[in-house]
S.K.: 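Before we start, here is the structure in question, set down as structure tokens.
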There are 2 protein chains.
Amino acid sequence: MWFRIDARSPTPIYQQIVDGIKEAVAKNVLQGGERLPSVRELAGLMTLNHNTVAKAYQELERERVIEVVRGRGTFVAEPGSTPDRAERVAHMKDIMKQLWVEAHHLQMTSQDLMTLMKSAVHEWDQERGREES
Amino acid sequence: MWFRIDARSPTPIYQQIVDGIKEAVAKNVLQGGERLPSVRELAGLMTLNHNTVAKAYQELERERVIEVVRGRGTFVAEPGSTPDRAERVAHMKDIMKQLWVEAHHLQMTSQDLMTLMKSAVHEWDQERGREES
DNA sequence: CTGCGTGTACCATAACAAGCGGTACACTTG
DNA sequence: CAAGTGTACCGCTTGTTATGGTACACGCAG
């Protein structure tokens, strides 16, 4: 599978599914048009309830990451514009602020923070490149 | 006060208090040794329960942001080493990955992401500088 | 010592989210 | 038709959040 589930994590299971699939799509491990397992199938593979998987799929559809067709299945969406782009960018900035605050509590300078970020981003960019179609 | 509480936010009230005080400390609005309102006082000011404020203070003490003296009050801690530094840096990297994933779902390149981060950090650095003692 | 304010520790209660198990329905496809 | 799809319910349990209230041990100024 493209991700792991930690039942003891404080973040909800359905959210871990959402994050895992979004990450797989961002890394090109899952590509546009590709079919995802059915809710019952994925639930069986990970020993979860089908309702939990269904909740994750609904959230992913709301974020335009997947497309759902009744009776056919769910598929990775083709990249397109998202309607609430401004709100989502604003939310990213809020998270960046939390990073900045946390960094200073760990005695890191802003430059330290940017250096850490840059190296991490490079790492993920390379993982993404290896999956290029 | 140094922060606001949004009762309709999905993030818990006690967590908003934690975030708000951590941000105020990071921005030098609150400085080392400074005394914070008592749990009942802060609860009264923001019309909250004293238990909710107490929970926030306990979390802040656990993170070494404040220091608590029974019978005297709570004070902003002087900067010092944190015991679980490695875990907290790892957690920061997890959050950075979420930012990277979200950026690519919003059709942003990694370079776009770093540019946004850089400008945001500069903004907060300037706010921090204005409060310098 | 007394009284007050401090953090802290309980108790009970209500509301909500998460997750599970089960059932059922409308839909598409072979 | 039958099988598989997403979806929508129901009830139930668990844990978290937040409230209200009471009580205790501590430090300090009177």
Side-chain angles (χ1 to χ4, degrees), chain A residues 1 3-22 25 30 32-78, chain B residues 1 3-22 25 30 32-78:
Chain A
M1 202 52 52
F3 56 94
R4 300 168 200 274
I5 296 297
D6 180 9
R8 292 170 309 179
S9 166
T11 80
I13 295 178
Y14 83 91
Q15 187 66 51
Q16 294 184 45
I17 300 175
V18 170
D19 293 341
I21 292 185
K22 283 181 72 172
V25 172
L30 290 176
E34 196 168 339
R35 187 175 183 281
L36 292 172
S38 74
V39 285
R40 291 174 182 81
E41 194 177 350
L42 187 55
L45 286 173
M46 323 202 89
T47 25
L48 300 175
N49 190 276
H50 59 268
N51 288 319
T52 305
V53 179
K55 185 172 183 178
Y57 277 16
Q58 286 175 6
E59 172 65 16
L60 286 166
E61 189 191 25
R62 201 187 62 79
E63 296 187 25
R64 303 282 195 277
V65 176
I66 64 178
E67 287 174 357
V68 161
V69 188
R70 299 248 301 200
R72 299 244 313 118
T74 69
F75 306 85
V76 179
E78 304 292 346
Chain B
M1 202 52 50
F3 55 94
R4 299 168 199 273
I5 296 298
D6 179 10
R8 292 169 308 179
S9 166
T11 82
I13 295 178
Y14 83 93
Q15 187 64 52
Q16 294 183 45
I17 300 175
V18 171
D19 293 340
I21 292 185
K22 284 181 71 173
V25 172
L30 289 175
E34 193 167 342
R35 188 175 183 280
L36 291 173
S38 74
V39 287
R40 292 174 182 80
E41 193 176 350
L42 187 54
L45 286 173
M46 323 200 91
T47 24
L48 300 175
N49 190 274
H50 59 267
N51 288 319
T52 305
V53 179
K55 184 170 183 179
Y57 278 16
Q58 287 175 6
E59 171 66 17
L60 285 166
E61 190 189 26
R62 201 188 62 78
E63 296 187 25
R64 303 281 195 277
V65 177
I66 65 178
E67 286 174 356
V68 160
V69 188
R70 300 249 302 197
R72 299 247 312 118
T74 68
F75 306 85
V76 178
E78 304 291 346

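The analysis underlying the following values was restricted to heavy atoms, covering all of them including side chains, and did not include hydrogens, waters or symmetry mates. Chain naming here is simple, since letters A, B, ... match the order of the sequence lines and numbering starts at 1 in each. Everything numeric here is computed off the predicted structure, so don't read it as measured data.
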S.K.: I'd like to know whether B/Ile17 forms a side chain to side chain contact (heavy atoms under 4.5 Å, CB included) with B/Lys55, so could you lay out the CA-CA distance, the side-chain angles of the two residues, the decisive distance to 0.1 Å, and finally the verdict.
M.R.: CA-CA 10 Å; B/Ile17 300 175; B/Lys55 184 170 183 179; over 6 Å; no

S.K.: Please name the residue in the list B/Thr47, B/Asn51, B/Thr52 that meets the side-chain hydrogen bond (donor to acceptor under 3.5 Å, both in side chains) test with B/Asn49.
M.R.: B/Asn51

S.K.: I need the A/Leu36 CG to A/Thr74 OG1 distance, nearest 0.5 Å.
M.R.: 4.0 Å

S.K.: Return the residues of residues 55-63 of chain B meeting this criterion: a heavy atom under 4.0 Å from some atom of DNA chain D. Order them by number, or give none.
M.R.: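 Residues of residues 55-63 of chain B that come under 4.0 Å of DNA chain D are, in numerical order, B/Lys55.
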
S.K.: To the closest 0.5 Å, what do you measure between CG (A/Leu42) and CD1 (A/Ile21)?
M.R.: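 Answer rounded to 0.5 Å: 6.5 Å.
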
S.K.: Would you kindly give the CZ-to-P distance between A/Arg72 and D/dT7, to the nearest whole Å?
M.R.: 14 Å

S.K.: If you round to the nearest 0.5 Å, how far is OG of B/Ser38 from NE2 of B/His50?
M.R.: 11.0 Å

S.K.: With the side chain of A/Val68 defined as its heavy atoms from C-beta on, choose the nearest nucleotide among C/dG22, C/dC20, D/dG6.
M.R.: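 Selected nucleotide: D/dG6.
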
S.K.: Which sits closer to the 5' end of DNA chain D, B/Arg40 or B/Leu48, going by the nucleotide each is nearest to?
M.R.: B/Leu48

S.K.: Once rounded to the nearest 0.5 Å, what's the spacing between atom CD of B/Glu67 and atom CD of B/Glu78?
M.R.: 7.5 Å

S.K.: If you fit an axis to the five pairs at each end of the helix from C/dC1-D/dG30 to C/dG30-D/dC1, how big is the angle between those two axes, to 10 degrees?
M.R.: 20°

S.K.: Under 4.0 Å: is that the gap between some side-chain N or O of A/Thr52 and OP1 or OP2 of C/dG19?
M.R.: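 No, outside the criterion.
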
S.K.: Would you state whether a donor and an acceptor, one from the side chain of A/Asn49 and one from the base of C/dG19, lie under 3.5 Å apart?
M.R.: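 No.
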
S.K.: Is A/Phe3 close to A/Asp19 at the side-chain level, that is, under 4.5 Å between some pair of heavy atoms?
M.R.: no

S.K.: Does C/dG5 have OP1 or OP2 sitting under 4.0 Å from an N or O in the side chain of B/Arg70?
M.R.: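 So the side-chain polar atoms of B/Arg70 never come under 4.0 Å of the phosphate oxygens OP1 or OP2 of C/dG5.
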
S.K.: For B/Gln16 and D/dA18, give me the distance from atom CD to atom C1', rounded to whole Å.
M.R.: 13 Å

S.K.: Within less than 4.0 Å of OP1 or OP2 of C/dA18, is there a side-chain N or O belonging to A/Tyr14?
M.R.: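 Answer yes for this pair, as a side-chain N or O of A/Tyr14 is under 4.0 Å from OP1 or OP2.
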
S.K.: What nucleotide among D/dA18, C/dA9, D/dG6 has an atom nearest to a side-chain atom of A/Ser38?
M.R.: D/dG6

S.K.: Rounded to the nearest Å, what distance is computed from the CZ atom of residue A/Phe75 to the P atom of nucleotide D/dT5?
M.R.: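 Atom CZ in A/Phe75 sits about 11 Å away from atom P in D/dT5.
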
S.K.: Could you check B/His50 against A/Ile13 and say which one's nearest nucleotide on DNA chain C is further toward the 5' end?
M.R.: B/His50

S.K.: Starting at CG of A/Leu60, measure out to CD1 of A/Ile66 and round the result to the nearest 0.5 Å.
M.R.: 4.5 Å

S.K.: Given atom CZ of A/Arg35 and atom C1' of C/dT28, what is their separation to the nearest angstrom?
M.R.: 12 Å

S.K.: To the nearest angstrom, how far is B/Leu36 atom CG from C/dG5 atom C1'?
M.R.: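 These atoms are roughly 16 Å apart.
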
S.K.: With side chains defined as the heavy atoms from C-beta onward, is the minimum distance between A/Gln58 and A/Tyr14 less than 4.5 Å?
M.R.: no

S.K.: What parts of residues 4-12 of chain B reach DNA chain C, counting only heavy atoms under 4.0 Å away?
M.R.: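 None, since no heavy atom is under 4.0 Å.
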
S.K.: Spell out, as yes or no, whether a donor-acceptor pair under 3.5 Å connects the side chain of A/Glu59 to the backbone of A/Gln15.
M.R.: no

S.K.: For a quick check, tell me whether the side chain of A/Asn51 and the base of D/dC9 share a donor-acceptor pair closer than 3.5 Å.
M.R.: yes

S.K.: Grab the CD1-C1' distance between B/Ile17 and D/dA18 for me, whole Å please.
M.R.: 11 Å

